[in-house]
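Order of the sequence lines sets the chain letters (A, B, ...), proteins ahead of strands, with each chain counted from 1.
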Amino acid sequence: MKIVTRFAPSPTGFLHIGGARTALFNWLFARRHGGQFRLRIEDTDRQRSTQEAIDAILQGMQWLELGHDDEIVYQFARASRHAEVAQDLLARGRAYHCYATAEELEDMRTKQREAGLPVRYDGRWRDRPVSGPAPNTPPVVRLKAPQTGETIVRDHVQGDVRFSNEVLDDMVLLRSDGTPTYMLAVVVDDFDMGVTHVIRGDDHLTNAARQMQIIEAMDWPVPYYAHLPLLHGEDGAKLSKRHGALGIHEYENLGYLPEAMRNYLLRLGWSHGDDELITTEQAIAWFNLESIGQSPARVDFKKLDNINGNYMREANDARLTREVIRVLHGRGTVVPASAEDRLTAAMPGLKERAKTLVELADAVYYLVTERPLTLDDKAKTLITPEARAHLAAALPVLTNTNWTAPELEQALKTFAGERGVKLGNLAQPLRAALTGRSTSPGIFDVLAVLGREDSLARIQDQLTA
RNA sequence: GCGCCCUUCGUCUAUCGGUUAGGACGACAGCCUUUCACGUUGUAAAGACGGGUUCGAUUCCCGUAGGGCGCGCCA
């Protein structure tokens, strides 16, 4: 069987972390089986769907590198096909017109609530003879759902989930204005797109039962279902802006690498023994529905940071240089072209120390700023009169040393030994003078990357300051 | 209210009836060290509760509690 999965977001907001995970799982499953991963924009809610949201979703998926196959399906454009299916259902006697008004239904629900009864459509138009007087209001089309027996969703994550048909009411298929509802549209589109596996959030589990009723009324094949437990925020509460329901593009701005994000998202609900760092290639080889957990997970930025740090260290230096320059530009920082080579040269030492691109950008201050440097507070305290004396004395030694990290190290260690000063007491002031900060990559690497001229001048700056 | 789902360290998770309940993040402590990281060693840390089934339950069943989702002419 050719496997087809789909990601079907509604463009009423940005792509958040939960949606991104759903997209990832669908993508992985399709890739794993050499199938197709399709994208469908569920824009049938004309009031709330926006082009901005569509763009945000597309950009988010592009950033995550989750490429879809085939054309994007825009659900609204398929309204006439949906209506056609509704007519078909009507013709088969599996659906009927309902003339109840919104007010009437609201009234019905209120009464049901008050009486402590389950809130659902009571089927008041289900068996009315068509020959009766047609009311003035335009009707909706409702599914004539089975009233006895049960509908069983055979879910790959949740197992068999049984719903008594008594609790599922006759859902609206076509609104009074002739437009399709979500329930109908999903079923028709999934069928037309040849979707074999529906992988989506847990919040659709009950919908699955209702959708199955439509599918069965049409005699269509029921897809395999996999409903993913929802994601919660760090505090366990529902995902909200504070802790995770950020648009996925925010994670890009926060300085995360897409491959790290994928790894993190994958581990939220899916596992492969004790493996934590899982490359996308491995994920494609290993991904399966059986290993998806059944309980909801919380987002944890600490863990994300850690994973991102791991990927940063593995990342290519030239790439990180490009990325950090991009972040710097975003901040309005001017990066001289000459700094690019320095950045790349310093990258091995820099990336060891950063968990995100943002941290990386913070750390490259000394490479993209022209002297004289402005020292931060901690660095200032390192430049004591005694430190100045050490630096002054070291200057001629440095001047006469071959400018490579190993040779500089050798020279300065010897110098420190002869002077009877601990290397740290020399290295820290040196670090302050060269980088303007109290922390940086190894000081000999800093010297080497900065070069003789700039290094000596920066030290000189602190002697005369 | 009705229906459905979920419940192992603070967090993500492993375990597919028999383990000293494992790993990772985080925390704490040590080592390494020119700073910060990295790395490394170690410590603390979990089966919600109550019943069953079984020779034996974290694991299977039921109930309770807690959390979540759904119950629209929204998606």
(message) Expected output is a numbered-order residue list: members of residues 144-163 of chain A with a heavy atom under 4.0 Å from any atom of RNA chain B. What is it?
(response) Gln158(A), Val161(A), Arg162(A), Phe163(A)

(message) Please determine whether a side-chain nitrogen or oxygen atom of Arg109(A) lies at a distance below 4.0 Å from atom OP1 or OP2 of rC73(B).
(response) yes

(message) So Thr44(A), base contact, sugar-phosphate only, or nothing? Heavy-atom distance under 4.0 Å.
(response) sugar-phosphate

(request) Could you work out which one of rU34(B), rC38(B), rA24(B) sits closest to the side chain of Glu276(A)? (result) rA24(B)

(message) Please tell me if Ser440(A) has a side-chain N or O lying less than 4.0 Å from either OP1 or OP2 of rU35(B).
(response) no

(message) Can you work out whether Pro118(A) or Arg210(A) has the more 5'-proximal nearest nucleotide on RNA chain B?
(response) Pro118(A)

(request) Sort out the partner of rA65(B) for me: Watson-Crick or G-U wobble, both distances under 3.5 Å, none otherwise. (result) rU7(B)

(message) So Val172(A), base contact, sugar-phosphate only, or nothing? Heavy-atom distance under 4.0 Å.
(response) sugar-phosphate

(message) Pairing donors with acceptors under 3.5 angstrom, does anything connect the side chains of Asn165(A) and Gln213(A)?
(response) yes

(request) Mind checking Asn207(A) for me? I need base, sugar-phosphate or nothing, with any heavy atom below 4.0 Å counting as a touch. (result) base

(request) Would you mind telling me which of rG3(B), rA75(B), rG72(B) lies closest to the side-chain atoms of Asp45(A)? (result) rA75(B)

(request) Give a yes or no on whether a salt bridge exists between Arg40(A) and Asp190(A), defined as a side-chain N under 4.0 angstrom from a carboxylate O. (result) yes

(request) Identify which nucleotide among rC6(B), rU11(B), rG26(B) has an atom closest to any side-chain atom of Asn306(A), counting heavy atoms from C-beta outward. (result) rG26(B)

(request) Report the distance from atom CD of Gln47(A) to atom C1' of rA75(B), rounded to the nearest whole Å. (result) 13 Å

(request) Please state how far atom CZ in Arg200(A) lies from atom P in rG70(B), giving the value in whole angstrom units. (result) 13 Å

(request) Would you mind pulling out the nucleotide paired to rG72(B), Watson-Crick or G-U wobble, both distances under 3.5 Å? (result) none

(request) Please state whether the phosphate of rU11(B), meaning OP1 or OP2, lies under 4.0 angstrom from any side-chain nitrogen or oxygen of Arg267(A). (result) no

(message) Strictly below 4.0 Å, N to O, side chains only: are Lys111(A) and Asp122(A) in salt-bridge contact?
(response) no

(request) Inspect the contact between Asp170(A) and Arg120(A) and indicate whether a charged nitrogen and a carboxylate oxygen are less than 4.0 angstrom apart. (result) no

(request) May I ask you to evaluate whether Ser271(A) reaches the phosphate of rA14(B), defined as a side-chain N or O under 4.0 Å from OP1 or OP2? (result) yes

(request) Classify the nucleic acid contact of Phe444(A) as base, sugar-phosphate or nothing, counting any heavy atom under 4.0 Å across all strands shown. (result) base

(request) Describe the nucleic acid contact of Glu42(A) in one word from base, sugar-phosphate, nothing, applying a heavy-atom distance below 4.0 Å. (result) sugar-phosphate

(message) Please name the nucleotide paired to rU54(B) by Watson-Crick or G-U wobble geometry with both distances under 3.5 Å, or report none.
(response) none

(message) Going by ring pair (Phe, Tyr, Trp, His ring centres under 6.0 Å), His156(A) matches just one of Phe25(A), Phe29(A), Tyr224(A). Which one?
(response) Tyr224(A)

(message) Is the terminal nitrogen or CZ of Arg437(A) (NZ for Lys, CZ for Arg) located under 6.0 angstrom from the six-membered ring centre of Tyr366(A) and within 45° of that ring's axis?
(response) no

(request) Among the candidates rA75(B), rG22(B), rG68(B), find the nucleotide nearest to the side-chain atoms of Asp274(A). (result) rG22(B)

(request) With sequence neighbours left out, write down each residue that passes side chain to side chain contact (heavy atoms under 4.5 Å, CB included) with Ala379(A), or none if nothing qualifies. (result) Leu375(A), Asp376(A), Ala432(A)

(message) Check this for me: does the side-chain of Asp203(A) come within 3.5 Å of the base of rG70(B) through a donor and an acceptor?
(response) no

(request) Please list, chain by chain and in numerical order, all residues satisfying ring-ring contact (aromatic ring centres under 6.0 Å, His included) with Tyr256(A), sequence neighbours excluded. (result) none

(request) Looking only at side-chain atoms of Val140(A), point me to the closest of rG68(B), rC38(B), rC73(B). (result) rC73(B)

(request) For Tyr74(A) and rA75(B), give me the distance from atom OH to atom C1', rounded to whole Å. (result) 17 Å

(message) Between P on rG72(B) and CG on Leu184(A), what's the gap in Å once rounded to a whole number?
(response) 17 Å

(message) Distance check needed: rC71(B) C1' versus Asp170(A) CG, whole Å only.
(response) 14 Å

(request) Scan Met183(A) against the nucleic acid and name what it touches under 4.0 Å (heavy atoms): base, sugar-phosphate only, or nothing. (result) base

(request) Measure the shortest side-chain to side-chain distance between Leu89(A) and Val141(A) over non-hydrogen atoms and say whether it is less than 4.5 angstrom. (result) no

(message) Tell me whether Lys303(A) is salt-bridged to Glu276(A), with the criterion being a basic N under 4.0 Å from an acidic carboxylate O.
(response) yes

(request) Quick one: label Arg142(A) by what it contacts on the DNA or RNA (base, sugar-phosphate, nothing), any heavy atom closer than 4.0 Å. (result) sugar-phosphate

(message) Heavy atoms only, 4.0 Å cut-off, all strands: where does Pro441(A) land among base, sugar-phosphate and nothing?
(response) base

(request) Scan Ala100(A) against the nucleic acid and name what it touches under 4.0 Å (heavy atoms): base, sugar-phosphate only, or nothing. (result) base

(request) Would you mind telling me which of rC73(B), rC6(B), rC2(B) lies closest to the side-chain atoms of Thr181(A)? (result) rC73(B)

(request) Within residues 348-366 of chain A, find the residues that approach RNA chain B with a heavy atom at under 4.0 Å, and present them sorted by residue number. (result) Glu352(A), Arg353(A), Lys355(A)

(message) With a cut-off of less than 4.0 Å, is there a side-chain N or O of Arg431(A) near OP1 or OP2 of rC36(B)?
(response) no

(message) Both distances below 3.5 Å, Watson-Crick or wobble geometry, any strand: find the nucleotide opposite rA44(B).
(response) none

(request) Go through rC36(B), rG72(B), rC71(B) for me and flag the one nearest to the Thr439(A) side chain. (result) rC36(B)

(message) Return the pairing partner of rC16(B) with a 3.5 Å limit on both distances, Watson-Crick or G-U wobble; otherwise return none.
(response) none

(request) Write down the distance between CD (Glu314(A)) and C1' (rC38(B)), rounded to a whole number of angstrom. (result) 12 Å

(message) Does Asp189(A) form a side-chain hydrogen bond (donor to acceptor under 3.5 Å, both in side chains) with His82(A)? I'd like the steps, not just the answer.
(response) CA-CA 8 Å; Asp189(A) 289 346; His82(A) 303 145; 2.8 Å; yes

(request) Sort and list the pairs that fulfil salt bridge (Lys or Arg N to Asp or Glu O under 4.0 Å) and have at least one residue in residues 346-356 of chain A, not counting sequence neighbours. (result) Asp317(A)-Lys351(A)

(message) Rounding to an integer number of Å, can you tell me how far Arg48(A) CZ sits from rA75(B) P?
(response) 8 Å

(request) Identify the nucleotide, in any strand shown, that forms a Watson-Crick or G-U wobble pair with rG39(B), with both distances under 3.5 Å; if there is none, say none. (result) rC31(B)

(request) Would you mind listing every salt bridge (Lys or Arg N to Asp or Glu O under 4.0 Å) that reaches into residues 402-419 of chain A, with sequence neighbours excluded? (result) Glu409(A)-Lys413(A)

(request) Looking only at side-chain atoms of Lys302(A), point me to the closest of rC6(B), rG26(B), rG72(B). (result) rG26(B)

(request) Rounded off to whole Å, could you give me the CG-to-C1' distance for the Leu168(A) and rC2(B) pair? (result) 12 Å

(request) Among the candidates rU11(B), rC2(B), rA75(B), find the nucleotide nearest to the side-chain atoms of Arg120(A). (result) rC2(B)

(request) Have a look at Ile443(A) and say if it touches a base, only the backbone sugar-phosphate, or nothing, with a 4.0 Å heavy-atom cut-off. (result) base

(request) Please give the nucleotide sitting opposite rU59(B) as a Watson-Crick or G-U wobble pair, both distances under 3.5 Å, or none. (result) none

(message) Looking at Glu259(A) and Arg319(A), is there a salt bridge between them, counting it only when a charged N and a carboxylate O are closer than 4.0 Å?
(response) yes

